[in-house]
Amino acid sequence: MSRQHAHHHEHGPEHGYDHPHPRASLRHRLAHLLTPHSHESAGRVDSALESSARGLRALWVSLAVLGVTALAQAAVVVASGSVALLGDTVHNAADALTAVPLGIAFVLGRRAATRRFTYGYGRAEDLAGVAVVLTIAASAAFAGWTALGRLLDPRPVEHVPAVAVAALVGFAGNEWVARYRIRVGRAIGSAALVADGLHARTDGFTSLAVLLGAGGAALGWRFADPVVGLAITAAIALVLRDAAREVFRRVMDAVDPALVDRAERALARVPGVRGVGELRLRWIGHRLRAEVAVVVDGGATVREAHRIAVDAEHALLHAVPRLTAALVHADPEPVPGETDPHLALAHHAAG
């Protein structure tokens with residue numbers, strides 16, 4: 001007997017998976033028993049919208065901070081006429097606009113699945129992550145090219161104190177935005193938002209380059225600005241490596257192996273599950289989906305197999321963070337001498 005069970009579910013914070021506070025465990029259990037535990041689409045939509053809303057809020061708040069930072073730097077540019085600071089200000093303002101494609105992706109991710117896009121629009125978030133990585137690469141190229149140009153044609157830095165203060169403002173603003181975006185991105189499982197946070201960190205590095213270059217110029221070393229610029233280019237390249245690796249893994253459906261281990265342990269504890277077969281996890285935007293085959297008693301009725309499948313799915317939804325949907329396939333426990341019912345499918349998997 002072969003049985004498939006598809007069910008979708010999403011947990012909000014009230015249905016946390018870790019239960020980290022022992023003193024609240026009794027209260028949590030009572031609330032879990034007394035509160036309607038809906039597995040219907042309304043709960044899924046509410047939780048998904050909340051995650052997207054947090055991502056959008058992080059984008060717009062950080063964009064506002066970057067806007068204020070750019071305006072402060074622009075005021076110093078007007079007063080000092082610093083070409084280096086002008087380049088940094090324009091660079092920061094332009095790179096802040098990477099929030100736009102990511103914001104569009106979060107909005108698209110809220111749309112319901114259609115007959116053409118049967119998994120929904122969550123992948124738009126991963127595409128936005130690719131755009132962020134490309135922007136970081138462009139930032140590294142721009143910083144390196146500018147540094148080489150300054151090395152070949154050194155220019156004096158004027159109004160050093162004002163430039164230094166503006167550079168500090170740029171670094172502080174970008175670093176705050178970086179930490180905020182990375183924290184929220186990791187909280188909701190958005191690789192693209194984490195990459196955008198790393199991107200903001202590269203902008204902070206360019207501001208730091210202006211500060212250190214101005215300090216070196218104040219000490220009379222005319223090559224300080226370009227040399228520091230090259231060092232910052234190397235730092236941006238390291239950030240680019242981390243961001244590219246994060247986004248590449250997400251696009252290639254990679255997950256943390258610890259999540260797979262956690263899911264297998266949860267399934268093994270489900271009554272009626274006698275074995276765990278193929279288990280797959282994949283990200284779609286900042287949400288996880290699962291597909292798994294479990295082994296059940298070959299003599300179980302369809303209803304019994306269905307109950308075990310539902311219990312297995314329920315265990316997964318509680319055990320795996322940000323898992324919103326699971327497809328559970330129940331296979332009968334093999335009997336010695338019995339032909340494997342999946343042999344008829346073997347030739348479809350070849351090649």
Side-chain angles (χ1 to χ4, degrees), residues 10-13 16-18 46-67 69 92 95-111 120-137 139 171-205 235-236 238-259 281-289 320-324:
E10 189 163 20
H11 283 293
Y17 46 85
D18 284 329
D46 288 345
S47 184
L49 289 177
E50 175 59 25
S51 295
S52 296
R54 288 187 65 188
L56 284 169
R57 186 163 55 248
L59 286 175
W60 303 138
V61 169
S62 58
L63 185 59
V65 172
L66 289 178
T69 300
N92 285 339
D95 287 348
L97 295 179
T98 57
V100 174
L102 192 50
I104 293 173
F106 277 120
V107 172
L108 276 177
R110 294 179 167 192
R111 298 181 62 181
Y121 295 82
R123 284 291 186 189
E125 191 176 321
D126 299 327
L127 293 176
V130 173
V132 171
V133 168
L134 293 177
T135 304
I136 297 176
S139 298
F171 174 73
N174 278 289
E175 181 60 22
W176 185 90
V177 166
R179 290 174 180 269
Y180 181 42
R181 287 181 176 175
I182 291 171
R183 183 176 69 252
V184 175
R186 287 176 176 165
I188 68 174
S190 174
L193 189 55
V194 171
D196 207 27
L198 292 172
H199 177 220
R201 182 157 285 162
T202 67
D203 294 341
F205 288 154
I236 295 176
L238 293 177
V239 172
L240 173 63
R241 180 197 63 182
D242 293 340
R245 180 173 54 196
E246 186 82 14
V247 172
F248 174 77
R249 287 177 176 175
R250 186 60 61 87
V251 171
M252 293 298 293
D253 288 331
V255 297
D256 186 350
L259 290 178
L281 296 171
R282 70 186 306 188
W283 287 97
I284 299 180
H286 52 271
R287 305 165 200 164
L288 271 173
R289 296 179 67 93
V320 180
R322 291 182 289 276
L323 181 68
T324 61

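Index from 1, following the sequence.
- Between the side chains of Arg181 and Ser62, at least one donor-acceptor pair of N or O atoms lies under 3.5 Å.
- Dense packing is recorded around CZ of Arg245, with more than 12 heavy atoms of other residues, nucleotides or ligands lying under 6.0 Å away.
- Annotation for Phe248: atom CZ does not count as buried by contact number, only 12 or fewer foreign heavy atoms lying within 6.0 Å.
- Closest of all the heavy-atom pairs between Ala195 and Val247 is CB-CG2, 3.9 Å.
- Here the straight-line distance linking atom OG of Ser190 with atom CD1 of Ile182 works out to 11.5 Å at 0.5 Å rounding.
- What you find for Glu125 and His286 is that their closest heavy atoms are OE1-ND1, 2.7 Å.
- Nearest heavy-atom pair across Ile284 and Gly122 is CG2-CA, 3.8 Å.
- Side-chain contact between Arg201 and Asp242 is absent, with no heavy atoms from C-beta onward closer than 4.5 Å.
- Here the closest non-hydrogen pair linking Leu108 and Ala124 is CD1-CB, 4.0 Å.
- Looking only at side-chain heavy atoms (C-beta outward), Leu59 and Asp196 come within less than 4.5 Å of each other.
- Here CZ of Arg57 is found 6.0 Å from OH of Tyr180. Values are rounded to the nearest 0.5 Å.
- Note that the CG atom of Leu288 and the CG atom of Asp256 stand 10.0 Å from one another [nearest 0.5 Å].
- Atoms CZ and CH2, on Arg322 and Trp283 in that order, are 4.5 Å from each other to the nearest 0.5 Å.
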*Arg110 and Leu56: CA distance, side-chain angles, deciding distance, side chain to side chain contact (heavy atoms under 4.5 Å, CB included) verdict*: CA-CA 11 Å; Arg110 294 179 167 192; Leu56 284 169; 3.6 Å; yes

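- Considering every non-hydrogen atom in both Gly173 and Val65, the closest pair reads O-CG1, 4.2 Å.
- With rounding to the nearest 0.5 angstrom, the CD1 atom of Ile188 is 9.5 Å from the CZ atom of Arg287.
- How far CG of Leu238 is from CG of Leu198: 11.5 Å, rounded to the nearest 0.5 Å.
- Across all their heavy atoms, Ala105 and Ala128 have their closest contact at CB-CB, 4.0 Å.
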